[in-house]
Colleague: 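Quick one: the structure is below, questions incoming.
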Amino acid sequence: MIKKLLSSRVFINSSIVSLVSVLMGLFNFVFNIAASRVLGQEQYGMVYPLISLLMIINLPVGALQMVLSKDFSELIHHKKWDELKVYFAGLFKALIGFTLLLLLILFFLFPFLKSFLHIGQSLPFFLLFGLVILSILYTPFYSMIQSREKYGIYSLNSFAMVLVKFIAGIGLVLLTTSYLGVLWGLLCSQLAGLIILFTNYQSFKEVKKAVIQTKNKNQYFQSRRIWKSFFYAIISVGAFQLITYLDSVLVRHFLPDSAGIYSVVNLIGKASFYLATAVAFVMLPFLAKDKENLHHANRRAFFFLLGLLFAYAVLLLFASKPIAQYLFAGKYSGMENILPLYGFMFLPYAAVSYLVNYYFLSEKTLYSLTILGGVIIESIGIAFFHQDLIQVSLVVGVSGYIVLLLLMIDSIFLHSNSLKPKISSTTSL
């Protein structure tokens with residue numbers, strides 16, 4: 001059985017995507033470490049919250065990618081090339097309106113954002129808006145690669161983007177000693193990815209140019225259906241991303257002088273996601289293949305992950321001073337006092353990131369509503385308790401542990417019997 005699984009398409013595809021994602025995450029981690037060492041507390045305390053804000057603004061883009069990947073996959077699977085062409089044409093008309101609406105909202109919020117984040121310059125926000133535009137344009141081409149299962153192009157694109165970001169971003173940071181170099185690096189990276197995927201799409205379009213499969217060209221592209229899927233997807237993909245990035249933005253607002261320290265502590269805390277990704281990398285193909293035993297296998301993998309995360313938090317407890325002194329060149333005085341606590345407070349978020357995979361495979365959406373509840377608790381908590389970073393860290397921890405406890409009760413303990421019949425009837429990924 002193991003030999004058959006190792007040679008299966010599900011395992012190979014999952015392995016490629018997971019491995020590339022892990023490597024990209026590690027490269028991004030190194031990029032942020034390098035940038036933070038050069039910039040120091042004040043400037044990194046501005047750029048990290050801006051990147052977190054970008055991730056929040058891009059929540060609709062992530063939801064759109066989810067919808068497009070599903071639609072493109074269906075059209076490609078049934079070889080409806082003409083409908084796909086019409087879909088793409090209609091999509092770009094819709095994207096123009098979507099982009100203009102989003103930019104209008106952002107420009108309307110422009111004075112508020114500058115004041116909220118205590119950043120007087122306008123240029124970083126214009127760079128941020130440029131990144132939003134490129135992300136929207138990038139999404140349909142990325143979804144096309146995903147739907148066509150072109151994992152070679154996916155890997156090439158991923159590594160090219162990380163490499164361009166590293167060279168351009170760190171180069172400009174060293175040259176200008178300004179946090180704006182990081183944002184310019186992100187812009188160059190996004191543009192490089194867009195060029196690669198657009199070029200690949202042009203090649204694909206030429207191959208399918210003369211093929212006509214359907215007569216009802218406008219049957220599939222229906223705005224009402226797409227918007228309905230979009231709003232469902234934004235709840236599914238947005239909740240966890242929101243809860244993991246919102247705290248950095250709120251700290252920049254309430255404690256601007258401490259935002260740099262919190263940014264690097266948050267960066268180290270998020271490194272625990274690599275442990276969750278590694279466990280998912282090993283277990284996900286097995287879970288997808290053997291859905292009848294999904295609950296039992298998920299429970300074992302989850303408690304194994306909890307052990308790893310606890311060990312990582314203990315490591316931060318004892319290694320906080322060397323990390324502050326050597327990894328960050330001593331530029332973030334006081335982080336060694338927060339990091340031991342934050343390691344334990346951020347632990348539930350890495351654990352929840354693994355459970356998201358379980359809920360995706362089991363086709364349950366309870367986790368989205370639970371995490372949205374955590375977002376509310378975290379937001380209100382930080383608004384009332386932000387005297388120092390210790391209070392903020394405790395609020396982040398309490399919010400995370402509440403979400404984790406509720407999801408553990410649901411996924412680990414309540415569904416040992418009721419889950420099996422439902423899962424066995426679904427199609428394997």
Colleague: Could you pull out the closest heavy-atom pair between Leu306 and Ala351, with the gap in Å?
Modeller: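 Between these two residues, the closest heavy atoms are CD2-CB, 3.9 Å.
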
Colleague: Which pair of non-hydrogen atoms, one from Tyr349 and one from Gly400, has the smallest distance, and what is that distance?
Modeller: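 For Tyr349 versus Gly400, the nearest heavy atoms are OH-N, 3.3 Å.
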
Colleague: Tell me whether Phe129 at atom CZ has more than 12 heavy atoms from other residues, nucleotides or ligands lying less than 6.0 Å away.
Modeller: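 More than 12 heavy atoms, drawn from other residues, nucleotides or ligands, come within 6.0 Å of this atom.
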
Colleague: In the structure I gave you, are the side-chain heavy atoms of Leu53 and Leu128 within less than 4.5 Å of one another anywhere?
Modeller: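 Result yes, sub-4.5 Å side-chain heavy-atom pair found.
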
Colleague: Check the pair Ile51, Val182 against side-chain contact (heavy atoms from CB on, under 4.5 Å), reporting the backbone distance first and the verdict last.
Modeller: CA-CA 9 Å; Ile51 295 173; Val182 175; 4.0 Å; yes

Colleague: Measure the CD-CZ distance between Gln41 and Phe328 for me, rounded to the nearest 0.5 Å.
Modeller: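 It comes to 12.0 Å.
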
Colleague: Parallel under 30°, tilted from 30 to 60°, perpendicular over 60°: which one fits the rings of Tyr44 and Tyr48?
Modeller: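 Tilted, since the angle between the ring planes falls between 30° and 60°.
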
Colleague: Any side-chain to backbone donor/acceptor pair from Ser258 onto Leu255? Under 3.5 Å, distance only.
Modeller: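 Not confirmed, Ser258 side chain does not pair with Leu255 backbone.
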
Colleague: So, Tyr87 versus Phe72, ring centres under 6.0 angstrom or not?
Modeller: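 Between Tyr87 and Phe72, the centre distance is under 6.0 Å.
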
Colleague: May I ask you to test the Leu102-Ile133 pair for a side-chain heavy-atom distance under 4.5 Å?
Modeller: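 No, their side chains stay 4.5 Å or more apart.
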
Colleague: Side-chain contact, heavy-atom cut-off 4.5 Å: Val162 with Ser189?
Modeller: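 A side-chain contact under 4.5 Å is absent here.
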
Colleague: Is the charged tip of Lys321 near the ring of Tyr326: under 6.0 Å from the six-membered ring centre and within 45° of its axis?
Modeller: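 So Lys321 doesn't make the cation-pi contact.
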
Colleague: Checking side-chain contact (heavy atoms from CB on, under 4.5 Å) between Ile338 and each of Asn266, Val265, Val264, Asp388, which is the one that passes?
Modeller: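 Among the candidates, only Val265 passes.
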
Colleague: Of all the heavy-atom pairs spanning Leu39 and Thr177, show the shortest one and how long it is.
Modeller: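 It is CD2-C, 4.3 Å.
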
Colleague: Is atom CD1 of Ile390 surrounded by more than 12 heavy atoms (other residues, nucleotides or ligands) closer than 6.0 Å?
Modeller: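 No, not enclosed.
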
Colleague: Can you measure from NZ (Lys331) to CD1 (Ile261) and round to the nearest 0.5 angstrom?
Modeller: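 Those atoms lie 14.5 Å apart.
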
Colleague: Does Phe198 have its ring centroid less than 6.0 Å away from the ring centroid of Phe88?
Modeller: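 Distance test on ring centres: not under 6.0 Å, no.
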
Colleague: Are any non-hydrogen side-chain atoms of Tyr312 and Leu275 less than 4.5 angstrom apart?
Modeller: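 Of all side-chain heavy-atom pairs linking Leu275 with Tyr312, at least one is under 4.5 Å.
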
Colleague: Regarding Tyr138 and Asn157, do their side chains bring together a donor and an acceptor under 3.5 Å, going by distance alone?
Modeller: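 Their side chains do contain a donor-acceptor pair, which is all the 3.5 Å distance test asks for.
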
Colleague: Are side-chain heavy atoms of Leu50 and Tyr179 found at a separation under 4.5 Å?
Modeller: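 When only atoms from C-beta onward are counted, Tyr179 and Leu50 do touch, with a gap below 4.5 Å.
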
Colleague: Could you give the distance from CG (Leu109) to CD1 (Ile105), rounded to the nearest 0.5 Å?
Modeller: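 Between Leu109 CG and Ile105 CD1, I get 7.5 Å after rounding to 0.5 Å.
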
Colleague: Does either side chain, that of Gln65 or that of Ser143, offer a donor lying less than 3.5 Å from an acceptor on the other one?
Modeller: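 Per modelled atom types, Gln65 and Ser143 side chains form no pair under 3.5 Å.
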
Colleague: Report the C-alpha distance between Val251 and Leu389 in whole Å, list the side-chain angles of each, state the deciding distance to 0.1 Å, and finish with yes or no for side-chain contact (heavy atoms from CB on, under 4.5 Å).
Modeller: CA-CA 8 Å; Val251 168; Leu389 293 184; 4.1 Å; yes

Colleague: Could you check whether any side-chain N or O of His118 sits under 3.5 Å from a backbone N or O of Pro256, counting only pairs where one atom can act as donor and the other as acceptor?
Modeller: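 No, the answer is negative, given that no donor and acceptor are paired below the 3.5 Å cut-off.
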
Colleague: So which atom in Pro49 and which in Met46 form the shortest heavy-atom distance, rounded to 0.1 Å?
Modeller: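 Nearest pair, atom of Pro49 first, then Met46: CD-O, 3.4 Å.
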
Colleague: How about Phe346 and Phe273: are their ring centres within less than 6.0 Å of each other?
Modeller: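 Yes, close enough.
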
Colleague: Classify the angle between the aromatic ring planes of Phe204 and Trp81 as parallel (below 30°), tilted (30 to 60°) or perpendicular (above 60°).
Modeller: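 Perpendicular: the ring planes of Phe204 and Trp81 meet at over 60°.
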
Colleague: Can you tell if the side chain of Ile196 reaches within under 4.5 Å of the side chain of Met161, non-hydrogen atoms only?
Modeller: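 No - every pair of side-chain heavy atoms lies 4.5 Å or more apart.
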
Colleague: So do the side chains of Leu95 and Pro140 get within less than 4.5 Å of each other, counting heavy atoms only?
Modeller: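 The answer is yes, as the side chains (C-beta and beyond) meet within the 4.5 Å cut-off.
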
Colleague: For atom CZ of Phe27, decide whether the heavy atoms of other residues, nucleotides or ligands shown that lie under 6.0 angstrom number more than 12.
Modeller: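 No, the 6.0 Å shell around CZ holds no more than 12 heavy atoms from other groups.
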
Colleague: Does CZ in Phe92 sit with more than 12 non-hydrogen atoms of other residues, nucleotides or ligands closer than 6.0 Å?
Modeller: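 Yes, the 6.0 Å shell around CZ holds more than 12 heavy atoms from other groups.
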
Colleague: Verify side-chain contact (heavy atoms from CB on, under 4.5 Å) between Gln190 and Ser135, making sure each step is shown before the conclusion.
Modeller: CA-CA 7 Å; Gln190 197 73 35; Ser135 297; 4.1 Å; yes

Colleague: Under a plain distance cut-off of 3.5 Å, with no hydrogens placed, do Arg148 and Asn200 share a side-chain donor-acceptor pair?
Modeller: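 Yes, because at least one side-chain N or O of Asn200 sits under 3.5 Å from a partner of the opposite role on Arg148.
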
Colleague: May I ask you to check whether Phe126 and Phe110 place their ring centers less than 6.0 Å from one another?
Modeller: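 Ring-ring flag for Phe126/Phe110: true, centres closer than 6.0 Å.
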
Colleague: For Met144, is there any backbone N or O sitting under 3.5 Å from a side-chain donor or acceptor partner on Ser147?
Modeller: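 No; zero donor-acceptor contacts below 3.5 Å.
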
Colleague: Report the distance from atom CG of Leu316 to atom CG of Leu341, rounding to the nearest 0.5 Å.
Modeller: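 With rounding to 0.5 Å, CG (Leu316) is 11.0 Å from CG (Leu341).
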
Colleague: Any sub-3.5 Å donor-acceptor pair from Ser115's side-chain atoms to Phe112's backbone N or O?
Modeller: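 No: the side chain of Ser115 does not pair with the backbone of Phe112.
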
Colleague: Less than 3.5 Å apart, any donor N or O on the side chain of Ser122 or Lys114 sitting next to an acceptor on the other?
Modeller: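 A donor-acceptor contact under 3.5 Å links the two side chains.
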
Colleague: From Ser399 OG over to Ile382 CD1, what is the distance, rounded to the nearest 0.5 angstrom?
Modeller: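 Answer for the OG-CD1 pair, Ser399 versus Ile382, is 7.0 Å.
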
Colleague: For Gly374 versus Ile243, what's the shortest heavy-atom pair and its separation?
Modeller: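 Taking every non-hydrogen atom into account, C-CD1, 3.6 Å.
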
Colleague: Between Gln241 (side chain) and Met55 (backbone), is there a donor-acceptor pair under 3.5 Å?
Modeller: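 A pair under 3.5 Å: yes.
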
Colleague: Passes side-chain contact (heavy atoms from CB on, under 4.5 Å), Leu54 versus Tyr245? Steps please.
Modeller: CA-CA 9 Å; Leu54 174 66; Tyr245 286 101; over 6 Å; no

Colleague: Over all heavy atoms of both residues, which pair between Leu246 and Ser379 is shortest? Give the atoms and the distance, please.
Modeller: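 Closest approach of Leu246 to Ser379, heavy atoms only: CD2-OG, 3.0 Å.
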
Colleague: Do Gln387 and Val392 have side chains that approach each other closer than 4.5 Å (heavy atoms only, starting at C-beta)?
Modeller: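 Contact flag for Gln387/Val392 side chains = no.
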
Colleague: How long is the straight-line distance from CG of Leu64 back to CG of Leu59, given to the nearest 0.5 Å?
Modeller: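 Reported value, rounded in 0.5 Å steps: 12.5 Å.
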
